[in-house]
Protein chains: 2
Amino acid sequence: MLELAILGLLHGSPLHGYELRQRLKATLGTFRAFSYGSLYPTLRRMKEAGWLCEDDGNAEVVAGAPALTGRRGKVVYKLTAEGKERFQELLAEAGPTSWEDETFGVHFAFFGQTDPEVRVRILEGRRSRLEERREGVRTTLARTRSRLDRYTLQLQEHGLESVEREVRWLTELIETERRSTVPPAVPTPNPEERGAP
Amino acid sequence: MLELAILGLLHGSPLHGYELRQRLKATLGTFRAFSYGSLYPTLRRMKEAGWLCEDDGNAEVVAGAPALTGRRGKVVYKLTAEGKERFQELLAEAGPTSWEDETFGVHFAFFGQTDPEVRVRILEGRRSRLEERREGVRTTLARTRSRLDRYTLQLQEHGLESVEREVRWLTELIETERRSTVPPAVPTPNPEERGAP
DNA sequence: GCGGCGATGTATCGCCGCGATACATCGCCC
DNA sequence: GGGCGATGTATCGCGGCGATACATCGCCGC
């Protein structure tokens, strides 16, 4: 998850750890913080895996930063070719099957780097998982409702509403995505039915 | 966090691991699952700490025979006196300062076991943390809005709305809590019922 | 000039919880 | 009478968090 985020941010421009974290907060801050305690080890791991390498010395490509001259021990990372591959690979993957998994958020943040079909697929995947979850909660809630005390019940219902809200959001997004994917009035007769309803 | 949940559930009646997990899903399922991978180690830790003990009513003396090659019995846990203390202690604590911290949900689920003042304090604490967070997001969002691409922006805004929604929820709860808390020695002459469930 | 202090910057440690996995027993239905 | 799903206990590796430890930089007051 963090891996994907790093790949995505570094896809724009090379960055060093601290800066990376600022970007992380700026782009994903609403649902995830990512402390240094995970950032630095992950960077190291990724470097060892070959997705990243150090961009030392000459690069002044760092955009929008104050007048920094990289003379200190800043370690600037950039993507390798394998890293870019890996990024696309991860982006296109549907992401794990857990409803708690916030990897979706990271996927979503980098939707700009993907094709429309992948976007729709991922949005629908996320929605399905949430719907399963919603049904699960509804079922157990219906079965146990009478035994739950007031607060537990309120908690469950609030949670349920959150899930429902996100499902609605996703549905909107999917529709928008579909609408904007409409083939631009090409005179070609529409021979191909696009998969899932 | 899981510790608090276990304490709370065992406060009702002694349970064994599997059952505990079912309850966990039923009462906290909307925001947390708690796998066995955390449940069993936590139980062990808590037992060692003295909050729990085994509620093994019968037949423990048969230790001599090496013949029991299988036959793992259910391990039923119950709270010790210290465990009950610990529960109250944890319940009354305001819970850590992180906005991601879902310990609040566990607190809330066991509000029935606490006094009204503690409830209000915890609700307000949670709300404060969310408000801080909301302001932080708003600020960075205002500053970086123009540089963010469409999807990132949408993500941030959705997240922001979620936070706002929860703040509203909490505010309602606080008001309800305040209203239903009978202020000591204030003879308000308005006995009208508000139709609270 | 100089001393403090907050922002920038890299890095590690211990803990917690998750998902996967392994293994064993029970009970019900075909 | 046997298969299979629910019940049940337990462990492992890993990803992420919060705290912490150090450095350096740049700006402020004095």
Side-chain angles (χ1 to χ4, degrees), chain A residues 1-7 14-25 28-29 31-49 52 54-56 62 64-77 90 95-103 105-106 129 140, chain B residues 1-6 14-25 28-29 31-49 52 54-56 67-77 90 95-103 105-106 129:
Chain A
M1 172 169 179
L2 177 51
E3 197 179 304
L4 177 58
I6 291 173
L7 254 13
L15 296 168
H16 56 91
Y18 190 84
E19 224 169 348
L20 210 34
R21 213 220 165 188
Q22 304 309 105
R23 303 292 184 97
L24 243 16
K25 277 199 281 191
L28 305 168
F31 70 101
R32 206 73 173 194
F34 293 121
S35 68
Y36 292 120
S38 36
L39 182 54
Y40 284 110
T42 303
L43 283 173
R44 182 142 62 84
R45 201 171 5 100
M46 291 172 72
K47 187 182 153 191
E48 276 159 16
L52 309 181
E54 290 184 26
D55 187 24
D56 39 71
V62 188
L68 61 87
T69 46
R71 73 164 114 170
R72 259 289 303 150
K74 288 189 198 175
V75 188
V76 178
Y77 293 96
L90 280 179
T97 53
S98 162
W99 54 271
E100 314 197 36
D101 198 327
E102 285 156 331
T103 302
V106 185
R129 260 170 286 135
T140 45
Chain B
M1 172 169 177
L2 176 52
E3 197 179 307
L4 177 59
I6 291 173
L15 295 168
H16 57 89
Y18 190 85
E19 221 170 348
L20 209 34
R21 213 220 166 190
Q22 305 309 104
R23 303 293 184 96
L24 243 14
K25 276 200 282 193
L28 304 169
F31 71 101
R32 206 73 174 193
F34 293 120
S35 69
Y36 293 122
S38 36
L39 182 55
Y40 285 111
T42 303
L43 283 172
R44 172 206 273 277
R45 199 170 8 99
M46 289 171 73
K47 187 182 154 193
E48 277 160 15
L52 310 180
E54 289 183 28
D55 189 25
D56 196 39
L68 60 134
T69 55
R71 197 50 188 161
R72 284 185 255 184
K74 291 186 197 181
V75 187
V76 178
Y77 294 95
L90 280 180
T97 53
S98 161
W99 54 270
E100 316 197 34
D101 198 326
E102 285 156 330
T103 303
V106 185
R129 261 171 284 137

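Worth saying up front: this structure is predicted, and the values here are computed from it rather than measured. Letters A, B, ... mirror the listed sequences (proteins, then strands); counts begin at 1.
Across all strands, A/L2 comes closer than 4.0 Å only to sugar-phosphate atoms, never to a base (heavy-atom distances). If you check every strand for non-hydrogen atoms under 4.0 Å, B/G17 touches sugar and phosphate atoms only.
Here the side chains of A/M1 and A/R32 are in contact, with some heavy-atom distance below 4.5 Å. Between A/V106 and A/L2 there is no side-chain heavy-atom pair separated by less than 4.5 Å.
As a whole-Å value, the separation of A/K74 NZ from C/dT10 C1' is 12 Å. Nucleotide C/dG9 holds its P atom 12 Å from the CZ atom of A/R23, rounded to whole Å. Distance, A/M46 CE to D/dG16 P: 11 Å, rounded to whole Å. One can place CG of B/L39 at 13 Å from C1' of C/dC16, the figure rounded to the nearest angstrom. When rounded to the nearest whole Å, the span between CE of A/M1 and P of C/dG17 equals 18 Å. One atom, OH of B/Y18, and another, C1' of C/dT25, lie 12 Å apart when rounded to the nearest Å. Between the C1' atom of D/dG15 and the CG atom of A/L4 lies a distance of 14 Å, rounded to the nearest Å. Atom-to-atom, NZ of B/K25 to P of D/dA6 comes out at 11 Å; the value is rounded to the nearest Å.
When every heavy atom of B/K47 is checked against every heavy atom of B/E54, the shortest pair comes out as NZ-OE2, 2.7 Å. When every heavy atom of B/L24 is checked against every heavy atom of B/A5, the shortest pair comes out as CD1-CB, 3.8 Å.
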Convert the base pairs of DNA chain D into dot-bracket notation, remembering that pairs crossing earlier ones are written with [ ] and that bases paired across to another strand are shown as |; include only Watson-Crick or G-U pairs under 3.5 Å. ||||||||||||||||||||||||||||||
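Here CG of B/L15 is found 11.0 Å from NZ of B/K74. Values are rounded to the nearest 0.5 Å.
Distances shorter than 4.0 Å separate none of the side-chain N or O atoms of B/R21 from OP1 or OP2 on D/dT7. Look at B/S38 and you'll find a side-chain N or O under 4.0 angstrom from OP1 or OP2 of C/dC18.
A donor-acceptor distance shorter than 3.5 angstrom exists from the side chain of A/T42 to the backbone of A/S38, with no hydrogens or angles considered.
Ranking C/dG17, C/dA11, D/dT11 by closeness to the B/R32 side chain, first place goes to C/dG17.
When each of B/V76, B/L43, B/D55 is paired with B/H16, the side chain to side chain contact (heavy atoms under 4.5 Å, CB included) condition holds for B/V76 and for no other.
Both B/Y36 and A/R45 lie close to DNA chain D; mapped to their nearest nucleotides by heavy-atom distance, the more 5′-ward contact belongs to B/Y36.
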